[in-house]
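Here the structure is laid out as structure tokens; the discussion comes afterwards.
What you see is a predicted model, and the numbers here were worked out from it, not measured in a lab. In what follows, every heavy atom counts, from backbone to side chain, and hydrogens, waters and symmetry copies are set aside.
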Amino acid sequence: MTPLLFFDRIIPVTFEEKKMINSRRPLERIVEFGALALLSLTSLCVALIPVWIICLARIFLAPAGFWQNFIIFGCGLYLLGGLQFVCIIVWLFFISKLWLD
């Protein structure tokens, strides 16, 4: 058995297993990478929904002065800031599982 470095872990594999890992066609690897990249981008857009809500609220409410901007920013940060933090943590966990497994 020879050790194979795979995602920062040394996994002992046989020569036949290593040959099977390397035998995938380049087009198959490119398609898999494209699918993972598209899924990552889509999941990021979903994780940023609280930011989209804040941006749309600012556009539709069209605040005119400092205090109106301050109130909209404060309410958005207070109401959606915690949710955004949780969404980013869940997204990072999802991405790590998606790309490393």
Side-chain angles (χ1 to χ4, degrees):
M1 286 208 218
T2 61
L4 174 69
L5 186 62
F6 187 70
F7 293 118
D8 298 332
R9 295 184 300 232
I10 297 177
I11 301 172
V13 295
T14 63
F15 179 73
E16 291 80 21
E17 289 172 341
K18 186 176 180 182
K19 196 165 122 180
M20 191 170 58
I21 290 171
N22 292 332
S23 70
R24 291 179 36 202
R25 287 183 259 168
L27 183 62
E28 185 179 322
R29 285 187 275 177
I30 290 170
V31 168
E32 181 182 353
F33 177 79
L36 287 174
L38 184 64
L39 188 57
S40 299
L41 186 61
T42 304
S43 65
L44 178 63
C45 290
V46 170
L48 291 176
I49 284 178
V51 171
W52 308 133
I53 291 171
I54 292 172
C55 291
L56 288 175
R58 286 185 73 85
I59 290 170
F60 288 128
L61 292 176
F66 169 76
W67 289 109
Q68 289 177 354
N69 279 315
F70 184 73
I71 294 300
I72 290 174
F73 177 73
C75 289
L77 189 64
Y78 180 73
L79 296 175
L80 298 173
L83 180 61
Q84 181 63 61
F85 183 73
V86 170
C87 286
I88 290 298
I89 297 297
V90 169
W91 179 75
L92 288 173
F93 179 75
F94 174 74
I95 290 299
S96 68
K97 289 295 181 186
L98 181 70
W99 284 92
L100 296 179
D101 286 340

Identify whether Val46 and Leu92 are in the same connected component of the hydrophobic contact network (ILVMFWY, side-chain heavy atoms under 4.5 Å).
yes
I'd like to check the side-chain contact (heavy atoms from CB on, under 4.5 Å) partners of Leu83; sequence neighbours left out, ordered by chain and number.
Pro50, Leu80, Cys87
Any chance CZ of Phe66 has more than 12 other-residue heavy atoms, nucleotides or ligands included, within less than 6.0 Å?
yes
Assign the ring pair Phe70 / Trp67 to parallel, tilted or perpendicular, where the plane angle (0 to 90°) is split at 30° and 60°.
perpendicular
Val51, Ile49: one ILVMFWY side-chain cluster at the under-4.5 Å cut-off?
yes
Between Phe33 and Leu36, is there shared hydrophobic-cluster membership here, with clusters defined by ILVMFWY side-chain heavy atoms closer than 4.5 Å?
yes
Test Ile72 against every option in Leu77, Ile54, Leu61 by the side chain to side chain contact (heavy atoms under 4.5 Å, CB included) rule and name the one that passes.
Leu61
ILVMFWY network linking Ile88 to Leu39, side-chain heavy atoms under 4.5 angstrom:
yes
Min side-chain heavy-atom separation Leu48-Gln84 under 4.5 Å
yes
Contacts of type side chain to side chain donor-acceptor pair (under 3.5 Å), residue Trp91, not counting sequence neighbours:
Ser43
Any side-chain heavy-atom pair from Phe60 and Leu56 closer than 4.5 angstrom?
yes
Quick check on the 6.0 Å ring-centre criterion: do Phe94 and Trp99 meet it?
no
With a 4.5 Å heavy-atom cut-off, do Ile95 and Leu100 have their side chains touching?
no
